[in-house]
> 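I have a structure here, written as structure tokens, and I will follow up with some questions on it.
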Amino acid sequence: MELFRKTVFVTGSTRGIGLAIAHKFAQLGANVVLNGRHVIPESLLETFSHYNGEVLAVSGDVSNEADSKRMIAEVAKILGSVDILVNNAGITNDKLMLKMTQEDFEKVLKVNLTGAFNMTQAVLKPMSKARSGAIINISSVVGLVGNVGQANYAASKAGLIGFSKSVAREVAGRGVRVNVVAPGFIESDMTEVIPDKLKDAMLAQIPMKRIGKPEEIAEVVAFLAKQEYLTGQVLAIDGGMTMQ
């Protein structure tokens, strides 16, 4: 798929990996839709002003079905239908299983998994009608191998993989591709405050002995959006942490 002037909707794109993905698509000449739960500041929009494509800010909660449909409708009215959807929005609420409540569990699944369902369903009909489209879902290596204190997060990210493969099979014949990126240990606001001792322990599990960068995830997402004969795949971008 040629990305120039295609419309890309990136959920949860006001910071971190989501923001890096939005900038990458903008660099490639795409129209970019930024999304967050709250009003997106003008200062953030200005960081996209030097790109050739359009940039649009759409606030809303992906875990809410009505909000998801409204956001896609708003984009379609202004920029035309969404050509590429990146389901990046996600939250954590870490607790050991013995202390985790049902609310703790369901809250994470509602954003991370149901949110992807809501947004995918909102774009799938127009994509299928156009017989073209790409959906890239951001999972995590935690969804592949699990992690202590993250039963809810791991369940949501593992569920996202199964969800993606199922939808990929359903719509492959209609020209719509669905793939997954599973980031490992990536630079973020959270990793900056991790104590050095814990960070060293985490780095010891990574064969490449370094933390990944959000821009490296963005490169892979853009690659997946371009590929016309690649669907139903999971790419772990983790410095070799989960290699088999």
Side-chain angles (χ1 to χ4, degrees), residues 1-13 17-33 53 72 80-90 112-113 115-145 156-184 186 208 212-244:
M1 178 187 290
E2 171 58 51
L3 300 182
F4 186 74
R5 287 292 185 267
K6 296 295 185 182
T7 296
V8 185
F9 194 123
V10 186
T11 69
S13 48
I17 290 174
L19 182 57
I21 291 170
H23 272 291
K24 181 60 184 179
F25 277 107
Q27 289 170 10
L28 296 170
N31 299 324
V32 173
V33 182
I72 295 302
S81 61
V82 173
D83 302 295
I84 300 160
L85 170 66
V86 182
N87 283 310
N88 169 75
N112 299 5
L113 187 54
F117 166 83
N118 289 338
M119 293 298 293
T120 299
Q121 196 165 64
V123 301
L124 213 50
K125 189 172 182 178
M127 282 185 177
S128 295
K129 188 175 181 180
R131 304 193 74 79
S132 176
I135 299 170
I136 298 103
N137 294 320
I138 308 301
S139 179
S140 167
V141 293
V142 173
L144 297 173
V145 299
S156 71
K157 294 301 187 178
L160 192 56
I161 292 171
F163 168 79
S164 302
K165 287 178 175 288
S166 296
V167 178
R169 288 184 180 275
E170 290 182 16
V171 299
R174 300 175 187 176
V176 181
R177 296 167 291 107
V178 186
N179 290 291
V180 181
V181 172
I186 306 298
M208 294 189 75
K213 300 175 182 177
E215 293 76 17
E216 291 174 310
I217 305 301
E219 289 280 353
V220 177
V221 173
F223 166 80
L224 289 173
K226 293 177 183 179
Q227 303 308 306
E228 296 285 359
Y229 197 57
L230 200 165
T231 195
Q233 302 304 308
V234 182
L235 297 184
I237 315 303
D238 61 1
M241 191 168 75
T242 59
M243 74 168 76
Q244 296 180 338

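Along the sequence shown, residues carry numbers from 1. Both backbone and side-chain heavy atoms feed into the values below; hydrogens, waters and symmetry mates do not.
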> Just wondering, do L144 and I161 contact through their side chains at under 4.5 Å, heavy atoms?
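Yes, at least one pair of side-chain atoms sits under 4.5 Å.
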> Is there a donor-acceptor contact under 3.5 Å linking the side chains of S13 and N88?
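Short answer, no.
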> Flag yes if more than 12 heavy atoms outside K213 fall under 6.0 Å of its NZ atom; otherwise flag no.
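Incorrect, the count does not exceed 12.
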> So which heavy atom on A218 is nearest to which on A20, and how close?
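Closest approach of A218 to A20: CB-O, 3.5 Å.
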> With a 4.5 Å limit on heavy-atom distance, are the side chains of V32 and F9 in contact?
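With C-beta onward as the side chain, the pair stays apart.
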> Side-chain contact test, heavy atoms from C-beta onward, threshold under 4.5 Å: evaluate it for V221 versus F25 and give yes or no.
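Yes - at least one pair of side-chain heavy atoms lies under 4.5 Å apart.
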> Drop me the distance from K165's NZ to N179's CG, to the nearest 0.5 angstrom.
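Rounded to the nearest 0.5 Å, the NZ-CG separation comes out at 9.0 Å.
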> Donor-acceptor pair, distance only, cut-off 3.5 Å: does the side chain of N137 make one with the backbone of A116?
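The answer is no, because no donor-acceptor pair under 3.5 Å joins these two groups.
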> Answer yes or no: is there a side-chain heavy-atom contact under 4.5 Å between L85 and I136?
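No, every pair of side-chain atoms sits at 4.5 Å or beyond.
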> What's the shortest heavy-atom distance between I17 and P214, and which atoms?
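Taking every non-hydrogen atom into account, CA-CB, 4.1 Å.
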> With heavy-atom distances below 4.5 Å as the criterion, would you say the side chains of K226 and L3 are in contact?
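Result yes, sub-4.5 Å side-chain heavy-atom pair found.
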> Could you check whether any side-chain heavy atom of E228 comes within less than 4.5 Å of a side-chain heavy atom of M1, counting everything from C-beta outward?
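The answer is yes, as the side chains (C-beta and beyond) meet within the 4.5 Å cut-off.
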> So do the side chains of V33 and T7 get within less than 4.5 Å of each other, counting heavy atoms only?
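Yes - at least one pair of side-chain heavy atoms lies under 4.5 Å apart.
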> Can F163 and T120 be said to form a side chain to side chain contact (heavy atoms under 4.5 Å, CB included), step by step?
CA-CA 10 Å; F163 168 79; T120 299; 3.8 Å; yes
> Rounded to the nearest 0.5 Å, how far apart are CG of N87 and OG1 of T11?
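Reported value, rounded in 0.5 Å steps: 5.0 Å.
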> Measuring from K6:NZ to S132:OG, what's the distance to the nearest 0.5 Å?
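The NZ atom of K6 sits 5.5 Å away from the OG atom of S132.
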> Search all heavy atoms of S128 against all heavy atoms of V176 and return the closest pair with its distance.
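Closest pair (atom of S128, atom of V176, distance): N-CG2, 4.0 Å.
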> Are there over 12 heavy-atom neighbours, none belonging to R5, within less than 6.0 Å of that residue's CZ?
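Atom CZ in R5 is packed in, count exceeds 12.
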> Do you know which two heavy atoms are closest between V10 and G18, and how far apart they sit?
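Result for this residue pair: CG1-O, 3.6 Å.
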> What is the minimum heavy-atom distance between A158 and G143, and which atoms define it?
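Taking every non-hydrogen atom into account, CB-O, 3.4 Å.
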> For the side chain to side chain contact (heavy atoms under 4.5 Å, CB included) test, which of D83, I135, V171 pairs with M127?
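The single option meeting the side chain to side chain contact (heavy atoms under 4.5 Å, CB included) with M127 is I135.
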> Can you name the nearest heavy-atom pair linking A122 to I72, along with the distance?
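Scanning both residues completely, I find the closest heavy atoms to be CB-CG1, 3.6 Å.
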> Counting only heavy atoms from other residues, nucleotides and ligands, does the tally under 6.0 Å from CZ of F117 exceed 12?
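Open.
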> Is any side-chain N of the basic residue among K24 and E215 closer than 4.0 Å to the acidic one's carboxylate O?
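Judged by the 4.0 Å cut-off on N to carboxylate O distance, K24 and E215 do not form a salt bridge.
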> Could you tell me whether a side-chain N or O of Q227 sits under 3.5 Å from a main-chain N or O of Y229, the two making a donor and an acceptor?
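It does not hold such a pair.
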> Given D238, which partner from the list V145, I186, V141 fulfils the side chain to side chain contact (heavy atoms under 4.5 Å, CB included) test?
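Looking at V145, I186, V141, the match for D238 under the side chain to side chain contact (heavy atoms under 4.5 Å, CB included) is V141.
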> Is a side-chain N or O of R174 found less than 3.5 angstrom from the main chain of K125, in a donor-acceptor match?
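The answer is no, because no donor-acceptor pair under 3.5 Å joins these two groups.
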> Under 3.5 Å, side chain of S156 to main-chain N/O of L113, donor-acceptor pair present?
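No.
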> Roughly how far, to the nearest 0.5 Å, is CD1 of I217 from CD1 of I237?
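Reported value, rounded in 0.5 Å steps: 5.5 Å.
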> Decide yes or no for V86 and I138: does some side-chain heavy atom of the first lie under 4.5 Å from some side-chain heavy atom of the second?
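Counting from C-beta outward, V86 and I138 do come under 4.5 Å.
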